[in-house]
Engineer: 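Structure below; questions to follow.
Note that the numbering runs from 1 along the sequence shown for the chain. All of these numbers come straight from a predicted model, not from anything done at the bench.
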Amino acid sequence: MLPAPHRLRDAGQYRVVLRNRRSGRAGGSLLVVQMIDADASGLAHPKRVGPRVGFVVSKAVGNAVVRSRTKRVLRHLVRDELPRLDPSLDIVVRANPAIAGAGTDAVRAELQRMLTKAHKRIRTDDGVPRETASAGAKR
């Protein structure tokens, strides 16, 4: 189970992550990860204890049993990643239909890859992805 302080709770919190122009997004065959830095966006809560994560698993993934299993697996895998994540992040993980037939190890590997890619793509105040902004600063 994902601890309560690490969960996105309502539609407004999801909307902020999914529609923010500064969000970093990375997608693969099994899932899509979208995240924002709440501190940089001015959306941070003063009593924040770490990253917050929400999940979207649509009916395209499968029936209720498959969707529930998918959410349980994703919650478990994200819980293991929490210590490695920046505490100011708000993250939405969306499952693609292909996840229904994938094993846990494949989902874990893709989740780790997508979290890394999305984090690099979070946009700075001037609209440039972090990886591009940091590469330009090194020159």
Side-chain angles (χ1 to χ4, degrees):
M1 187 59 130
L2 197 61
H6 294 287
R7 285 186 245 156
L8 291 178
R9 297 234 177 230
D10 59 49
Q13 293 172 338
Y14 279 82
R15 194 175 308 114
V16 167
V17 176
L18 296 173
R19 294 188 180 167
N20 193 306
R21 67 179 189 85
R22 292 185 188 154
S23 68
R25 183 180 185 279
S29 60
L30 303 178
L31 48 89
V32 176
V33 173
Q34 202 160 343
M35 64 175 65
I36 61 167
D37 185 339
D39 287 347
S41 300
L43 303 168
H45 190 272
K47 295 181 181 179
R48 186 181 193 101
V49 296
R52 296 185 308 175
V53 185
F55 303 94
V56 177
V57 182
S58 74
K59 287 186 177 181
V61 171
N63 63 25
V65 174
V66 173
R67 292 193 311 268
S68 294
R69 178 189 174 278
T70 300
K71 285 183 269 190
R72 282 194 310 272
V73 167
L74 287 172
R75 278 195 304 263
H76 174 75
L77 295 175
V78 167
R79 186 189 68 205
D80 293 344
E81 295 295 320
L82 286 176
R84 291 184 276 275
L85 295 172
D86 184 351
S88 64
L89 294 176
D90 281 347
I91 304 167
V92 173
V93 178
R94 190 183 74 217
N96 289 335
I99 202 168
T104 304
D105 291 335
V107 176
R108 176 183 290 114
E110 183 151 319
L111 176 66
Q112 290 171 341
R113 261 193 342 271
M114 293 305 114
L115 286 170
T116 302
K117 279 176 78 173
H119 191 260
K120 289 179 182 176
R121 293 177 176 177
I122 294 175
R123 298 184 181 279
T124 59
D125 290 337
D126 57 358
V128 178
R130 283 183 179 178
E131 63 185 0
T132 308
S134 62
K138 292 179 184 177
R139 293 181 190 176

Engineer: Where do Phe55 and Tyr14 come nearest, in terms of heavy atoms and distance?
Structural biologist: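 That would be N-OH, 3.1 Å.
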Engineer: Can you run down the salt bridge (Lys or Arg N to Asp or Glu O under 4.0 Å) pairs that involve residues 60-74, sequence neighbours left out, and say none if there aren't any?
Structural biologist: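 Listed by first then second residue: nothing to list.
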Engineer: Hey, could you give me the CG/CD1 distance between Asn20 and Ile36, rounded to the nearest 0.5 Å?
Structural biologist: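 Reported to 0.5 Å precision, the distance equals 5.0 Å.
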Engineer: Please say yes or no: joined through hydrophobic side-chain contacts below 4.5 Å, possibly via intermediate residues, are Val56 and Val32 part of one cluster?
Structural biologist: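 Result: no, two separate clusters.
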Engineer: Between Asn96 and Ala98 (side chain of the first, backbone of the second, donor and acceptor by atom type, cut-off under 3.5 Å), is there such a pair?
Structural biologist: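 Side chain of Asn96 to backbone of Ala98, a donor-acceptor pair under 3.5 Å: no, none is there.
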Engineer: Ignoring hydrogens and angles, tell me if any N or O in the side chain of Arg7 forms a donor-acceptor pair with the backbone of Leu2 under 3.5 Å.
Structural biologist: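 Between the backbone of Leu2 and the side chain of Arg7 there is a qualifying donor-acceptor contact (under 3.5 Å).
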Engineer: Looking at Val57, Val65, Val107, which one forms a side chain to side chain contact (heavy atoms under 4.5 Å, CB included) with Thr70?
Structural biologist: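 Of the listed options, the one satisfying the test is Val57.
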Engineer: Side chains of Val73 and Ile99, heavy atoms from C-beta outward: is any pair under 4.5 Å?
Structural biologist: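 Not in contact.
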Engineer: Taking only residues two or more places apart in sequence or in another chain, which ones pass salt bridge (Lys or Arg N to Asp or Glu O under 4.0 Å) with Arg84?
Structural biologist: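 Applying salt bridge (Lys or Arg N to Asp or Glu O under 4.0 Å) to Arg84 gives Glu81.
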Engineer: Closest heavy-atom contact between Pro51 and His6?
Structural biologist: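 Nearest heavy atoms, Pro51 then His6: O-ND1, 2.8 Å.
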Engineer: Hey, what do you get for CG (Asp90) to CE (Met35), rounding to the nearest 0.5 Å?
Structural biologist: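 CE of Met35 is found 10.0 Å from CG of Asp90.
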Engineer: Find out whether Ile91 and Val78 are in side-chain contact, i.e. whether some heavy atom of one side chain is under 4.5 Å from a heavy atom of the other.
Structural biologist: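 A side-chain contact under 4.5 Å is absent here.
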Engineer: If you look at every heavy atom in Arg52 and Pro5, which pair is closest and at what distance?
Structural biologist: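 Nearest heavy atoms, Arg52 then Pro5: CG-O, 3.5 Å.
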Engineer: Do you know which two heavy atoms are closest between Ala26 and Ala118, and how far apart they sit?
Structural biologist: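 The answer is CB-N, 3.7 Å.
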Engineer: Give, for atom CG of Asp105 and atom CZ of Arg108, the distance between the pair rounded to the nearest 0.5 Å.
Structural biologist: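 So the gap between those two atoms works out to 5.5 Å.
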Engineer: For Arg19, does the CZ atom sit with more than 12 other heavy atoms under 6.0 Å from it, leaving out its own atoms?
Structural biologist: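 Counting neighbours around CZ of Arg19, 12 or fewer heavy atoms of other residues, nucleotides or ligands fall under 6.0 Å, so no.
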Engineer: Measure the shortest side-chain to side-chain distance between Leu89 and His119 over non-hydrogen atoms and say whether it is less than 4.5 angstrom.
Structural biologist: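 A side-chain contact exists here, since the closest heavy-atom pair is under 4.5 Å.
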Engineer: Let me confirm one number: the CD-CD1 distance from Gln34 to Ile122, rounded to the nearest 0.5 Å.
Structural biologist: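 Reported to 0.5 Å precision, the distance equals 10.5 Å.
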Engineer: List the residues meeting salt bridge (Lys or Arg N to Asp or Glu O under 4.0 Å) with Arg25, not counting sequence neighbours, and say none if there are none.
Structural biologist: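 Salt bridge (Lys or Arg N to Asp or Glu O under 4.0 Å) list for Arg25, sorted by chain: empty.
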Engineer: Does Leu31 offer a backbone N or O that forms a donor-acceptor pair with the side chain of Glu110 under 3.5 Å?
Structural biologist: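 Answer holds: yes.
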Engineer: Measuring from atom CG of Leu77 to atom CG of Leu82, what distance do you get when rounded to the nearest 0.5 angstrom?
Structural biologist: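 Atom-to-atom, Leu77:CG and Leu82:CG are 11.0 Å apart.
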